[in-house]
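If you're wondering where the values come from, they're calculated on a predicted model, not measured in any experiment. So you know, we letter chains A, B, ... as the sequences are listed, proteins then strands, and number each from 1.
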2 protein chains.
Amino acid sequence: MQISSRFTIAIHILACIDTFKNDYKVTSDFLAGSVNVNPVVIRRLLQQLKAAGIINVTRGSGGAEIAKPLSEITMLDIYKAVDSIENGELFHFHENPNKECPVGRNMHNVLDSKLEQVQRAMENEMGSITIQEIVEETKSFIQKEL
Amino acid sequence: MQISSRFTIAIHILACIDTFKNDYKVTSDFLAGSVNVNPVVIRRLLQQLKAAGIINVTRGSGGAEIAKPLSEITMLDIYKAVDSIENGELFHFHENPNKECPVGRNMHNVLDSKLEQVQRAMENEMGSITIQEIVEETKSFIQKEL
DNA sequence: CATAGATGTAACAACAAGAGTTACAACAAG
DNA sequence: CTTGTTGTAACTCTTGTTGTTACATCTATG
């Protein structure tokens with residue numbers, strides 16, 4: 001199955017917060033408008049991003065802001081913040097291979113390290129892409145429209 | 001969400017077919033015994049692996065065999081064969097960002113290439129791991145047990 | 001200090017994919 | 001023709017995602 005859209009929505013959210021920070025109060029309703037989903041979906045994500053120390057959300061008066069330099073936030077940080085996959089394991093292992101079978105009882109031993117290696121390759125790549133890049137590219141695309 | 005267990009089961013299946021090819025007729029029931037799932041789950045996977053040219057399955061009399069050298073089968077081949085993710089896209093993009101919003105209407109432009117880059121990193125890593133390695137390592141683990 | 005406009009969160013419904021199971025037709029080989 | 005398989009349809013069960021309503025809580029401000 002695919003990685004939850006929470007991940008791409010979260011990136012979208014951050015791009016919006018930064019882009020509109022000077023011109024609008026960036027509320028969950030505002031963000032919901034840009035992403036085109038229910039505000040509650042946004043609020044849930046804001047909570048996860050906040051818990052990860054990526055943003056601050058002001059209760060009561062409203063609005064979200066980014067908590068640290070964009071260059072210090074990577075796609076990996078967001079990916080982890082929003083629980084894109086269950087308990088950090090990208091691959092779903094079939095639970096109970098037969099312990100009576102020599103192959104069955106050794107599958108985990110053999111595969112765990114390989115799967116981890118693959119997952120790490122993906123996460124490393126994510127770690128190399130910052131939100132700053134994404135925001136800058138977004139701005140350049142917006143420029144081109146004019 | 002996680003990548004379907006079809007993937008790890010398929011690897012398990014190949015390891016079994018190779019390991020037991022001289023001593024047993026490797027039927028879907030036999031495999032189901034080692035993996036510990038319903039034989040139909042196995043047969044469905046065998047069909048997908050067969051369609052990808054990785055194995056041959058003999059109808060009627062029964063049994064599966066691997067169709068090409070183990071060193072020419074990578075984790076990536078299996079991953080693709082069993083449709084581990086929907087239509088080849090690892091990331092689920094939220095469908096309808098607001099076209100009225102400059103950020104919303106450019107999100108795809110910006111993210112598509114980044115997400116592809118991440119996915120490719122993962123797939124490249126998968127492509128570098130062969131079933132031969134996996135089978136050899138399995139055998140070495142079985143040796144160690146004695 | 002009451003209120004307007006937010007957030008925080010619970011609860012639940014709708015939906016989709018994964019995975020398990022039963023059942024049975026098609027087939028191959030003795 | 002019988003036996004043991006494969007191939008596949010049809011269904012259920014379960015789980016995670018996503019959408020939605022509802023409401024308590026909070027904060028700035030008039």
Side-chain angles (χ1 to χ4, degrees), chain A residues 1-10 12-13 17 24-33 35-52 55-65 79 82-98, chain B residues 1-10 12-13 17 24-33 35-52 55-65 79 82-98:
Chain A
M1 226 195 164
Q2 291 180 304
I3 288 171
S4 167
S5 64
R6 282 196 298 277
F7 178 54
T8 53
I9 295 178
H12 187 149
I13 286 174
I17 296 178
Y24 298 91
K25 179 164 72 165
V26 184
T27 66
S28 61
D29 266 47
F30 180 89
L31 290 166
V35 178
N36 207 15
V37 295
N38 194 290
V40 173
V41 173
I42 300 289
R43 284 186 220 143
R44 286 200 275 241
L45 283 171
L46 291 178
Q47 288 313 303
Q48 294 189 286
L49 292 170
K50 181 183 163 191
I55 63 172
N56 295 313
V57 189
T58 25
R59 185 164 195 169
S61 55
E65 54 173 23
Y79 170 80
V82 303
D83 280 328
S84 305
I85 52 176
E86 285 106 74
N87 56 293
E89 303 248 305
L90 182 58
F91 297 96
H92 182 188
F93 217 107
H94 48 295
E95 304 301 332
N96 302 304
N98 185 354
Chain B
M1 225 196 166
Q2 290 180 305
I3 289 172
S4 166
S5 65
R6 282 197 297 278
F7 178 55
T8 53
I9 294 179
H12 187 149
I13 286 174
I17 295 178
Y24 298 91
K25 179 165 71 165
V26 184
T27 66
S28 60
D29 265 48
F30 179 89
L31 291 166
V35 179
N36 208 16
V37 295
N38 194 289
V40 173
V41 173
I42 300 289
R43 284 185 219 143
R44 287 199 275 242
L45 283 171
L46 291 178
Q47 288 313 302
Q48 294 190 287
L49 291 169
K50 179 182 162 190
I55 62 170
N56 295 314
V57 190
T58 22
R59 182 164 198 170
S61 56
E65 54 174 21
Y79 170 80
V82 303
D83 280 326
S84 305
I85 53 175
E86 285 106 74
N87 57 294
E89 304 248 305
L90 182 57
F91 296 97
H92 182 189
F93 218 105
H94 48 295
E95 303 301 333
N96 302 304
N98 185 355

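Between R6(A) and dT17(D) there is a side-chain polar atom (N or O) within less than 4.0 angstrom of OP1 or OP2. Side-chain nitrogen and oxygen atoms of S5(B) include none within less than 4.0 Å of the OP1 or OP2 phosphate oxygen of dG18(C). Between dG8(C) and K50(A), a contact under 4.0 Å exists linking OP1 or OP2 to a side-chain N or O. Contact annotation: S61(A) side-chain N/O to dC26(D) OP1/OP2 distance is not under 4.0 Å. Residue Q47(A) has no polar side-chain atom (N or O) positioned under 4.0 Å from OP1 or OP2 of dT7(C). The phosphate of dT17(D) has neither OP1 nor OP2 within less than 4.0 Å of any side-chain N or O from H94(B). Distances shown here put every side-chain N or O of T27(A) at or beyond 4.0 Å from the OP1 or OP2 atom of dA6(C).
When distances are taken from the side chain of N38(A) to each of dA23(C), dG19(D), dG20(C), the shortest belongs to dG19(D). When the nucleotides dT21(C), dT18(D), dT5(D) are ranked by their closest atom to the side chain of K25(B), dT5(D) comes out on top. Each of dG18(C), dT7(C), dT21(D) was ranked by its minimum atom distance to the side chain of V40(A); first place goes to dT21(D).
Just one residue in the list T8(B), L46(B), V26(B) forms a side chain to side chain contact (heavy atoms under 4.5 Å, CB included) with I13(B), and that residue is L46(B).
Taking atom CD1 of residue I85(A) and atom C1' of nucleotide dT15(D), one finds them 17 Å apart after rounding to whole Å. M1(B) has its CE atom 5 Å from the C1' atom of dG16(D), to the nearest Å. Taking atom CD1 of residue I3(A) and atom C1' of nucleotide dA17(C), one finds them 16 Å apart after rounding to whole Å. Summarising the geometry, the separation between NE2 on H92(A) and P on dG16(D) is reported as 9 Å, rounded to the nearest angstrom. Put simply, CG on D83(A) is 12 Å from C1' on dG16(D), counting in whole angstrom units. One can place CG of N56(A) at 14 Å from P of dT7(C), the figure rounded to the nearest angstrom. Distance, F93(A) CZ to dG18(C) C1': 17 Å, rounded to whole Å. When the C1' atom of dT3(D) is taken as reference, atom CG of D29(B) falls 14 Å away, rounded to whole Å.
Between I85(A) and Y79(A) the shortest side-chain heavy-atom distance falls below 4.5 Å. A 4.5 Å side-chain heavy-atom check between N36(A) and H94(B) finds every atom pair outside the cut-off. Between N38(A) and R43(A) there is no side-chain heavy-atom pair separated by less than 4.5 Å.
A donor-acceptor contact under 3.5 Å is not formed by the side chain of R59(B) with the base of dG4(D).
Rounding to the nearest 0.5 angstrom, the gap separating the CG atom in L90(A) from the CD atom in Q2(B) is 7.5 Å. Of the inter-residue distances, the one linking M1(B) atom CE with S4(A) atom OG reads 10.0 Å to the nearest 0.5 angstrom.
Across all strands shown, dG30(C) forms a Watson-Crick or G-U wobble pair with dC1(D), both key distances being under 3.5 Å.
As judged by a 4.0 angstrom heavy-atom cut-off over every strand, G62(A) is placed among residues touching the sugar-phosphate backbone only.
Each of T58(A) and R43(B) lies near DNA chain C, and the nucleotide nearest T58(A) is the one positioned closer to the 5' end. Judged by closest nucleotide on DNA chain D, S28(B) is the one of R44(B) and S28(B) placed further toward the 5' end. For the pair L46(B) and V41(A), nearest-nucleotide mapping onto DNA chain D gives the more 5' position to L46(B).
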